[in-house]
Amino acid sequence: MELSSPVRHLPRPPPPPTVSLSFSSSLSSFPHKIQFKPLRTLSPSATIRAIAVAGEQPGPRPETVGLTTARADSPQRLLRELAERKKFSSPKKKVPPRRFILRPPLDDAKLTERFLNSPQLSLKAFPLLSSCLPPSRLDNADRTWMDEYLLEAKQALGYPLEQSEKLGDDNPAKQFDTLLYLSFQHPSCERTKARHVRNGHSRLSFLGQYALELVFAQFFLQRYPRESPGPMRERVYALIGKRSLPKWIKAASLQNLVFPYDDMDKMIRKDREPPVKSVFWALFGAIYLCYGMPEVYRVLFEAFGMDPEDESCQPKLRRQLEDVDYVSVEFEGQQLSWQEVAGYKPPQDALFAHPRLFRACVPPGMHRFRGNIWDFDCRPQVMEALGYPLNMTDRIPEITDARNVELGLGLQLCFLHPSMHKFEHPRFCFERLEYVGQKIQDLVMAERLLMKHIDAPGRWLQEKHRQLLMNKFCGRYLREKHLHRFIVYSDLMQGRYEHNRRLRNPSTTAVQQAIHGLAYCVYGKPDVRRLMFEVFDFEQILPKPV
């Protein structure tokens, strides 16, 4: 009895029948002798798919269907199976958009020609204004919009209706028509699809927001000489916050230029506020470039009708420290109007570039601190690190001496932490200088980026601006010069900061901004540029390790 191989004695399967079979079933056309061959070479699912595909093909004859499908190395079956697997396993990959595909660079001749023909290189005397012009010349579609709507915009803003191109080359207002046209081309309108229009508008909007904040900082610091910067920030936000801007656009009858095909009152907030904010900022960027700060005041308070004493613009009530010290004679017993702030011109022999703003931030009572330990020991080191005093050509030597004395008092105020003399005198700290310093620092950096990157869109500039002026970087710039050692804290705060160094970062940032505010009040904007880009090196992406 042989038990080792029972398969050997199994009967062979009968030969296949020779009669033709019908196609009612896909399994009826396969002979029995090759029925097991696909099961040994293919998986069950692949076998079922192959049988189903073979049954759906109407082409081959019945006697050849089984032979063609049964072969394991049949190229037709393998191709069909590969197609089925691709259909389920690997979907078609999406091709990247054309704007993300790298284009070959222009040759030097074409690149030079494009830059030389650009309007951005046309104004040698006004580099900032030139950098905000469109990168290419306006076309017929741009001229059509200007012919149709520009007169209406000028009339609403109170400008003469003549073309600004007729003015002289030495007048920056010659480019006002072009910049005014770009101001209304917000990202949701039709003309913004053109690259030169889109970039021109975004760059104007990028500049305008910082010009507006500086204007309101100067105005409220002089209008409320005893107020802390907290309520001032609330007043500014209530006036030019994104929720209030549609009201001002409608008050100046400019809503039809912003939304020519829609009713602004019927639009939802998320569709109405972003275009209005973009147009508002770009509009004041154009006015600031062509006419300067006084014209920004006029358009704000005359064309748009802003009222700083309106009930909706008042800050929330808070406990205010009693200010026992007197203010400057110019601010005593009165509130300055916008006409007095905008039309003020310092006398010829003035000590400072902005004497009224300096006196609004540095109270006269600071003179009682002359000759103290900080003034004797720390002030010379601080002035040497900052490069003070600057050489000024004064007709009278006493004026130079008086300016240096006031500069030293302002520097001492910049290094006074609020914890030291806040309760004795609410203005004996750097808060007001910090407020104006933050705004002038933002504006100077925005102007620098616009002139340095003349082909960059406004959104890229905004991100670059944010990265360079982060608070942790500003404080670290000050610490790199080892100036944080001269900050005057109270005993309680000094003890806290000795145990936690991270608590000192906001203080060093605030002192950095207060120094810029003092430089702007005393010497003007050029000295702020010197401090930012020569002394503290603000253009480094990451500060050097301390």
Side-chain angles (χ1 to χ4, degrees), residues 112 114-138 142 146 150 153-154 157 159-160 162-185 196-215 218 281-299 342 345 353-354 439-458 460-462 464-465 520 523-530 532-534 539:
T112 304
R114 192 184 76 174
F115 273 102
L116 291 179
N117 292 333
S118 172
Q120 291 181 332
L121 298 180
S122 59
L123 304 179
K124 303 282 178 59
F126 308 105
L128 179 61
L129 174 59
S130 181
S131 66
C132 293
L133 293 175
S136 59
R137 303 190 181 279
L138 301 182
D142 303 325
M146 295 172 69
L150 203 60
K154 283 186 172 183
L157 297 173
Y159 288 103
E162 291 80 9
Q163 294 183 359
S164 64
E165 297 176 355
K166 298 180 180 179
L167 299 175
D169 294 336
D170 57 342
N171 192 347
K174 182 177 182 179
Q175 309 295 330
F176 184 64
D177 285 0
T178 302
L179 297 182
L180 189 60
Y181 160 69
L182 292 177
S183 302
F184 287 95
Q185 310 310 309
H196 67 283
V197 175
R198 181 174 64 251
N199 283 4
H201 174 84
S202 63
R203 291 166 69 87
L204 276 180
S205 180
F206 167 68
L207 177 66
Q209 59 174 322
Y210 300 116
L212 276 173
E213 290 180 359
L214 179 62
V215 161
Q218 293 182 357
W281 286 353
L283 180 62
F284 283 98
I287 296 173
Y288 168 70
L289 287 173
C290 294
Y291 295 102
M293 287 290 191
E295 188 65 18
V296 174
Y297 283 106
R298 186 197 67 81
V299 176
K345 293 182 179 180
H354 303 278
K439 303 309 177 184
I440 188 60
Q441 173 180 293
D442 289 342
L443 183 61
V444 167
M445 180 59 75
E447 294 177 355
R448 177 83 166 193
L449 292 177
L450 283 170
M451 291 186 287
K452 189 175 180 180
H453 307 280
I454 61 174
D455 58 341
W460 184 90
L461 294 174
Q462 185 72 47
K464 185 80 170 176
H465 188 278
Y520 176 67
Y523 293 111
K525 193 187 296 183
D527 191 47
V528 181
R529 296 193 190 100
R530 182 188 67 87
M532 289 180 65
F533 306 119
E534 296 180 16
E539 285 187 309

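All figures in this text were calculated on a predicted structure; none of them were measured in a lab. When a residue number appears, it is its place in the shown sequence, counting from 1. All values below come from the heavy atoms of this structure, side chains included, with hydrogens, waters and symmetry mates left out.
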Exercise. Minimum heavy-atom separation for Asp442 to Tyr210, with atom names?
Worked result: CB-CD2, 3.5 Å
Problem set entry | Candidate pair Leu180 and Leu157, rule side-chain contact (heavy atoms from CB on, under 4.5 Å), full reasoning | CA-CA 11 Å; Leu180 189 60; Leu157 297 173; 4.0 Å; yes
For this session: Check whether any side-chain heavy atom of Leu204 lies under 4.5 Å from a side-chain heavy atom of Leu289, and answer yes or no.
Result: yes
For this session: Measure the acute angle between the ring planes of Tyr291 and Phe176, then classify it against the limits of 30° and 60° as parallel, tilted or perpendicular.
Result: perpendicular
Exercise. How close do Pro172 and Leu129 get, heavy atom to heavy atom, and via which atoms?
Worked result: O-CD2, 3.5 Å
Exercise. How far does NZ of Lys174 sit from OG of Ser164, to the nearest 0.5 angstrom?
Worked result: 9.0 Å
Exercise. Rounded to the nearest 0.5 Å, what separation is found between the OH atom of Tyr288 and the CG atom of Leu214?
Worked result: 7.5 Å
For this session: Write down the atom of Met445, the atom of His465, and the distance for their closest heavy-atom approach.
Result: CG-CD2, 3.6 Å
Exercise. Can we say Asp527 and Arg530 salt-bridge, meaning some charged N sits less than 4.0 Å from an Asp/Glu carboxylate O?
Worked result: yes
Exercise. Ion pair present between Asp142 and Arg137, side-chain N to carboxylate O less than 4.0 angstrom?
Worked result: no
Seminar exercise, completed: So CD of Gln175 and CG of Leu167: to nearest 0.5 Å the spacing works out to 10.0 Å
Exercise. Looking at Lys525 and Glu447, does any basic side-chain N land under 4.0 Å from a carboxylate oxygen?
Worked result: yes
For this session: Please report the closest heavy-atom contact between Ser183 and Ala282, naming both atoms and the distance.
Result: OG-O, 3.3 Å
Problem set entry | Asn171 atom CG, neighbour heavy-atom count above 12 within 6.0 Å | yes
Seminar exercise, completed: NZ (Lys166) and CG (Asp177) are apart, to the nearest 0.5 Å, by 10.5 Å
Exercise. Does the pair Val197 and Tyr181 meet the rule for a side-chain contact (heavy atoms from CB on, under 4.5 Å), with working shown?
Worked result: CA-CA 9 Å; Val197 175; Tyr181 160 69; 3.9 Å; yes
Problem set entry | Test log, rule side-chain contact (heavy atoms from CB on, under 4.5 Å), inputs Val299 and Tyr159 | CA-CA 10 Å; Val299 176; Tyr159 288 103; 3.5 Å; yes
For this session: Identify the two heavy atoms, one from Leu449 and one from Phe206, that lie closest to each other, and give their separation to 0.1 Å.
Result: CD1-CZ, 4.4 Å
Exercise. Out of curiosity, His354 NE2 to Gln218 CD, how far, rounded to the nearest 0.5 Å?
Worked result: 6.0 Å
Exercise. Hey, are the side chains of Pro134 and Leu182 touching, using non-hydrogen atoms and a 4.5 Å cut-off?
Worked result: yes
For this session: Mind listing the closest non-hydrogen atom pair of Cys132 and Leu179 along with its distance?
Result: O-CD2, 3.7 Å
For this session: Decide yes or no on side-chain contact (heavy atoms from CB on, under 4.5 Å) for Lys439 and Tyr520, but give the supporting numbers first.
Result: CA-CA 10 Å; Lys439 303 309 177 184; Tyr520 176 67; over 6 Å; no
Exercise. Rounded to the nearest 0.5 Å, how far apart are OG of Ser130 and CE of Met451?
Worked result: 10.5 Å
Exercise. Judged by atom type as modelled, is there a donor-acceptor pair below 3.5 Å linking the side chain of Arg203 to the main-chain atoms of Leu450?
Worked result: yes
